[in-house]
There are 2 protein chains.
Amino acid sequence: MSINTELDLDRPMRDVRHEAVLNIVRTASVLGQRGADLFRRFGLTEAQFNVLFSLKYKERNWSQSDLGRRLVVTRASVTSVLDKLEEKGLVERLQVPGNRRIYHVDLTAEGQKLLDKVEPLYRNDIHEVLSGFDEETCRNLIQQMEVIRTRVQALGESK
Amino acid sequence: MSINTELDLDRPMRDVRHEAVLNIVRTASVLGQRGADLFRRFGLTEAQFNVLFSLKYKERNWSQSDLGRRLVVTRASVTSVLDKLEEKGLVERLQVPGNRRIYHVDLTAEGQKLLDKVEPLYRNDIHEVLSGFDEETCRNLIQQMEVIRTRVQALGESK
DNA sequence: TCAGAATTGTTTAAAATCAAGCGGTCTGCT
DNA sequence: AGCAGACCGCTTGATTTTAAACAATTCTGA
């Protein structure tokens, strides 16, 4: 009845690097769906939560483009997600003196309040899921992910 | 000009476990986009490629539900992706004797042929991106990802 | 046996995403 | 100063994905 016995997830691997990539992607997918289930209880999609969360912990002003790079989505996606969040009164676009091209995006008080309700549950989930990972393991994992992203970027530039 | 100097990706982390999760998700996203760029040159989306690829290496017959579990997408998604692939003549739904509820999905000769063109480039990309990862590192990484998925699943069942 | 529960594939409506392209704006170079 | 190029946010149109509901089918347990 387990997914491992029903599918062939535990068969021997031909290409261990490829299998590593598959595992990263699949794990991100599982994590994302778990998150989505949680966020939905608060009327938020995953994309919407990601925006709110990023805004809460930003340490300087972010334009919509900055947000897009941070979340690895296009500017067009940022626009549509922000439209939804602004409708709900959770974020606001602020005009930037001296630069009429960009908006700085910020949480409203209401957005802050909603996030304060969701975030503890979210962090609790993560803590539970990674309970077996000590700090060193996490740092090592983070560094490996960074290496991969750097390599992908280099690959894209040499194109 | 680098993304790391422009954004705050390298600031000290408050919650190393959470940062690990973010890194996994972000890396999967970057990998997915890199893949999508490649697949598009062959008229395929990422989801379509994933289906073709899974079918090529399956070791027994898979229903659409099996495929969905394997790819971590819903049955509805599988239906729509298969519709597209069937239109293009790359896969086929086969009736299963003795069970009128399910289809077994398979590559057509044409699907096989297309995949044979894309796969070398795909594997080459992956090999390049993970060139700094030896076999042990990969196996370790894979195991960590499996642990995370198992924990997420356990979390979902205790719900 | 056989009625209730579970599973399968599909449909529908909503949301996210993207590429492409648009004007408006800023910057850097001459 | 002025112009070309880069950047920003937005719109459009298309695709993908999902949750939810549905009918058909299969399974299960009393």
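Every chain is numbered from 1 and lettered A, B, ... according to where its sequence line falls, protein lines coming before strand lines. Keep in mind that the numbers below use all heavy atoms, side chains included, and drop hydrogens, waters and symmetry copies.
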From CD of Gln48(B) across to C1' of dT15(D) the rounded distance in Å is 9 Å
Scan Gly98(A) against the nucleic acid and name what it touches under 4.0 Å (heavy atoms): base, sugar-phosphate only, or nothing.
sugar-phosphate
Would you kindly compare Glu46(B) and Thr79(A) by the position of their nearest DNA chain D nucleotide and give the one closer to the 5′ end?
Thr79(A)
Taking OP1 and OP2 of dC18(C), is either one under 4.0 Å from a side-chain nitrogen or oxygen of Thr74(A)?
yes
Regarding Arg75(A), tell me which of base, sugar-phosphate or nothing describes its non-hydrogen contacts under 4.0 Å with the strands shown.
base
Under 3.5 Å donor-acceptor pairs involving side-chain atoms of residues 105-113 of chain B, not counting sequence neighbours:
from	atom 1	to	atom 2	distance (Å)
Asp106(B)	OD1	Lys58(B)	NZ	3.1
Thr108(B)	OG1	Gly89(B)	O	2.6
Thr108(B)	OG1	Leu90(B)	O	3.1
Thr108(B)	OG1	Glu110(B)	N	3.4
Thr108(B)	OG1	Gly111(B)	N	3.0

With nearest nucleotides of DNA chain D determined for Ala76(B) and Val78(A) from heavy-atom distances, which residue corresponds to the more 5′ nucleotide?
Val78(A)
Base, sugar-phosphate, or nothing for Ser65(B), non-hydrogen atoms under 4.0 angstrom?
sugar-phosphate
Atom pairs under 3.5 Å: protein N/O with N/O of nucleotides 3-6 of chain C:
none

Identify all side-chain donor-acceptor contacts of residues 35-46 of chain A below 3.5 Å with residues at least two apart in sequence or on another chain.
from	atom 1	to	atom 2	distance (Å)
Asp37(A)	OD1	Arg40(A)	NH2	2.9
Thr45(A)	OG1	Gln48(A)	N	3.1

Choose from dA19(D), dA15(C), dT16(D) the nucleotide whose nearest atom is closest to any side-chain atom of Ala47(B).
dT16(D)
Is there a side chain to side chain donor-acceptor pair (under 3.5 Å) between Asp83(A) and Ser80(A)? Walk through the geometry before answering.
CA-CA 5 Å; Asp83(A) 285 348; Ser80(A) 80; over 6 Å; no
For dT16(D) and Ser77(B) - does any side-chain N or O of the residue sit under 4.0 Å from the phosphate oxygens OP1/OP2?
no
Nearest-Å distance, CZ (Arg41(B)) to C1' (dA19(C))?
17 Å
Between CZ of Arg100(A) and P of dC8(D) the distance, given in whole Å, is 16 Å
Counting any heavy atom closer than 4.0 Å, what does Thr45(B) reach on the DNA or RNA strands: base, sugar-phosphate only, or nothing?
sugar-phosphate
What is the minimum heavy-atom distance between Arg151(B) and Val129(A), and which atoms define it?
CG-O, 3.4 Å
If you apply the rule ring pair (Phe, Tyr, Trp, His ring centres under 6.0 Å), what do you find for His18(A) with Tyr57(B), and how did you get there?
CA-CA 13 Å; His18(A) 177 244; Tyr57(B) 289 104; 7.7 Å; no
Among dT10(C), dG9(D), dT17(D), the one nearest any side-chain atom of Gln64(A) is dG9(D)
Nearest-nucleotide comparison on DNA chain C, the residue closer to the 5′ end among Arg40(B) and Arg93(B)
Arg93(B)
Quick check: are there more than 12 heavy atoms from other residues, nucleotides or ligands sitting under 6.0 Å from CD of Gln143(B)?
no
Quick one: Tyr103(A) OH to dC7(D) P, roughly how many Å, whole number?
20 Å
In whole angstroms, how far is the P atom of dG9(C) from the CD atom of Glu92(B)?
16 Å
Output for pair (Thr27(B) OG1, Gln144(A) CD), nearest 0.5 Å, gives 10.5 Å
Send over the distance from Asp83(A) CG to dA16(C) P, rounded to a whole Å.
10 Å
What's the CZ-P distance between Arg34(A) and dA19(D), to the nearest Å?
14 Å
Looking at Lys84(A), does any N or O in its side chain come under 4.0 Å of the phosphate oxygens OP1/OP2 on dA16(C)?
yes
When the distance from CD1 of Ile102(A) to P of dC7(D) is rounded to whole Å, what number comes out?
14 Å
Contact check, side chains of Arg123(A) and Arg17(B), non-hydrogen atoms, under 4.5 Å
no
Would you say Gln33(B) reaches dC18(C)'s phosphate, i.e. side-chain N/O to OP1/OP2 under 4.0 Å?
yes
